[in-house]
Amino acid sequence: MSAHLESLLALGDRVDRLLDLCRTLQEENRSLRHSQEQLSIERAQLISRNEQARARVEAMILRLKSLEHNHA
């Protein structure tokens, strides 16, 4: 086999490995984007639940203060 043919075959192998790597990285990137999207949704839900809990606690505090003033 000539040196040129061997070089071309080696180059072809490298190109194939690079293509495989690109496909793997694309799939990993797709998966990471999906995970990030899910985490963003979960974070928004947690923030909303936290705000609702804070509002309920503040309302309870106001009711307790009102009761305290009415009994004083």
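For the atom pair Arg63 CZ and Ser66 OG, the distance stands at 10.0 Å (nearest 0.5 Å). Of the inter-residue distances, the one linking Asn29 atom CG with Cys22 atom SG reads 11.5 Å to the nearest 0.5 angstrom. Here Arg14 contributes atom CZ and Arg17 contributes atom CZ; the two are 7.0 Å apart, rounded to the nearest 0.5 Å. Expressed to the nearest 0.5 Å, how far CG of Asp13 lies from CG of Leu18 amounts to 11.0 Å.
Ion pairing of Asp20 with Arg23 is present here, as a side-chain N (NZ or NE/NH1/NH2) and a carboxylate O approach within less than 4.0 Å. Glu27 has a carboxylate O that lies under 4.0 Å from a charged side-chain N of Arg30, or vice versa, which qualifies the two as a salt bridge.
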Determine all donor-acceptor pairs shorter than 3.5 Å in which one atom belongs to a side chain in residues 46-60; sequence neighbours excluded.
none

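Under a cut-off of 6.0 angstrom, the local environment of CD in Gln36 is sparse, with at most 12 non-hydrogen atoms contributed by other residues, nucleotides or ligands.
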